[in-house]
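See structure below.
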Amino acid sequence: MKTEIQPHESNRAEAFRMWMASPMPMVTLVKTLDVSRLVKVSKKSGMNECKSSFLDEHMVIGTSAMIQTELDCIVNQYTDQFCNPMVMWGKYRKGMFKTTMPVSFQFHHVQMDGGHAARFLDILQKEMLLLC
């Protein structure tokens, strides 16, 4: 369940004040995820994409895929009109023993610290291994 948070009343009030005044408050983490199971299951079932409410439940509302190109990193352009977290990815890479895909997670530093974002990427990896 989503809950509206009043930033000035939260335990991140000081971070909110500081990062809202920052000229570039966006942070991007990049992690290579194991998508072996996801690719195998999606091919077996004929799915082109695997839909999940996981991202929406965790308040990540922006996603972008450039699946035609192998990318090492994607960083979105910052605008003060769009401060929602963004998950981006490129084409997956087949290896001998596993298939991987780099995922970029960009967020406004007011919303979370790097530790929170890293935890989100760990949860995303676990969900991909269990998904489908």
Side-chain angles (χ1 to χ4, degrees):
M1 179 170 82
K2 295 179 184 174
T3 304
E4 185 175 345
I5 296 172
Q6 300 300 323
H8 300 290
E9 298 171 9
S10 75
N11 63 354
R12 293 194 50 80
E14 183 59 26
F16 177 81
R17 185 193 61 71
M18 181 177 70
W19 289 107
M20 285 303 289
S22 172
M24 180 51 185
M26 302 304 281
V27 178
T28 303
L29 299 182
V30 179
K31 185 172 183 172
T32 300
L33 301 180
D34 181 348
V35 294
S36 304
R37 179 168 164 70
L38 187 63
V39 170
K40 183 178 179 179
V41 170
S42 66
K43 284 184 177 181
K44 196 175 208 179
S45 65
M47 291 188 308
N48 290 341
E49 57 186 72
C50 192
K51 297 186 182 199
S52 170
S53 61
F54 173 76
L55 295 178
D56 290 334
E57 290 170 11
H58 288 80
M59 296 177 16
V60 177
I61 63 170
T63 59
S64 181
M66 281 131 302
I67 59 173
Q68 298 82 9
T69 307
E70 281 190 14
L71 300 169
D72 292 324
C73 179
I74 307 165
V75 179
N76 196 26
Q77 180 179 353
Y78 171 69
T79 170
D80 61 353
Q81 301 299 309
F82 183 71
C83 297
N84 296 316
M86 176 71 96
V87 175
M88 296 162 272
W89 62 93
K91 184 177 184 177
Y92 61 81
R93 298 174 178 151
K94 288 184 152 200
M96 286 192 72
F97 301 105
K98 66 180 178 179
T99 303
T100 61
M101 180 177 65
V103 173
S104 176
F105 180 48
Q106 185 178 48
F107 57 94
H108 195 293
H109 211 316
V110 165
Q111 296 165 319
M112 65 189 82
D113 287 323
H116 297 111
R119 182 168 176 258
F120 169 80
L121 290 173
D122 287 342
I123 292 169
L124 181 60
Q125 174 66 88
K126 289 175 186 167
E127 288 288 322
M128 284 182 167
L129 294 173
L130 297 174
L131 202 62
C132 304

Are Met128 and Leu29 in one and the same hydrophobic cluster, where Ile, Leu, Val, Met, Phe, Trp and Tyr link if side-chain heavy atoms are under 4.5 Å apart?
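Yes, Met128 and Leu29 fall within the same hydrophobic cluster.
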Results of side chain to side chain contact (heavy atoms under 4.5 Å, CB included) for Lys31 - residues two or more places apart only
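So Lys31 forms a side chain to side chain contact (heavy atoms under 4.5 Å, CB included) with Leu33, Leu121, Asp122.
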Gln125 versus Glu127, side-chain donor and acceptor atoms under 3.5 Å:
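There is no such pair (donor and acceptor under 3.5 Å, judged by atom type) between the side chains of Glu127 and Gln125.
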What pairs with Glu14 under salt bridge (Lys or Arg N to Asp or Glu O under 4.0 Å), at least two apart in sequence or on another chain?
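By the salt bridge (Lys or Arg N to Asp or Glu O under 4.0 Å) rule, Glu14 matches Arg17.
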Report the residues that fulfil salt bridge (Lys or Arg N to Asp or Glu O under 4.0 Å) with Arg119, sequence neighbours left out, ordered by chain and then residue number.
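Per chain and number, Arg119 pairs via salt bridge (Lys or Arg N to Asp or Glu O under 4.0 Å) with no residue.
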Shortest non-hydrogen contact from Asp34 to Leu129?
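The answer is O-CD2, 4.0 Å.
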Could you note down all residue pairs passing salt bridge (Lys or Arg N to Asp or Glu O under 4.0 Å) where residues 98-107 supplies at least one of them, sequence neighbours left out?
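Counting only pairs at least two positions apart or across chains, no salt bridge (Lys or Arg N to Asp or Glu O under 4.0 Å) contact touches residues 98-107.
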Summary of salt bridge (Lys or Arg N to Asp or Glu O under 4.0 Å) pairs that have at least one residue in residues 104-117, sequence neighbours excluded
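Sorted pair list: Arg12-Asp113.
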Side chains of [X] and [Y], heavy atoms from C-beta outward: is any pair under 4.5 Å?
{"X": "Trp89", "Y": "Pro102", "value": "no"}
{"X": "Thr100", "Y": "Tyr92", "value": "no"}
{"X": "Met88", "Y": "Gln106", "value": "yes"}
{"X": "Phe107", "Y": "Thr28", "value": "no"}

Give the other cluster members for Phe97, using side-chain heavy-atom distances under 4.5 Å between Ile, Leu, Val, Met, Phe, Trp and Tyr residues; answer none if it is isolated.
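For the cluster that includes Phe97, the remaining residues are Met96.
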Can you tell me how far apart NZ (Lys94) and CE (Met101) are? Round to the nearest 0.5 Å.
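One gets 14.0 Å once the value is rounded to the nearest 0.5 Å.
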Please walk me through it: do Phe105 and Leu124 pass side chain to side chain contact (heavy atoms under 4.5 Å, CB included)?
CA-CA 11 Å; Phe105 180 48; Leu124 181 60; over 6 Å; no
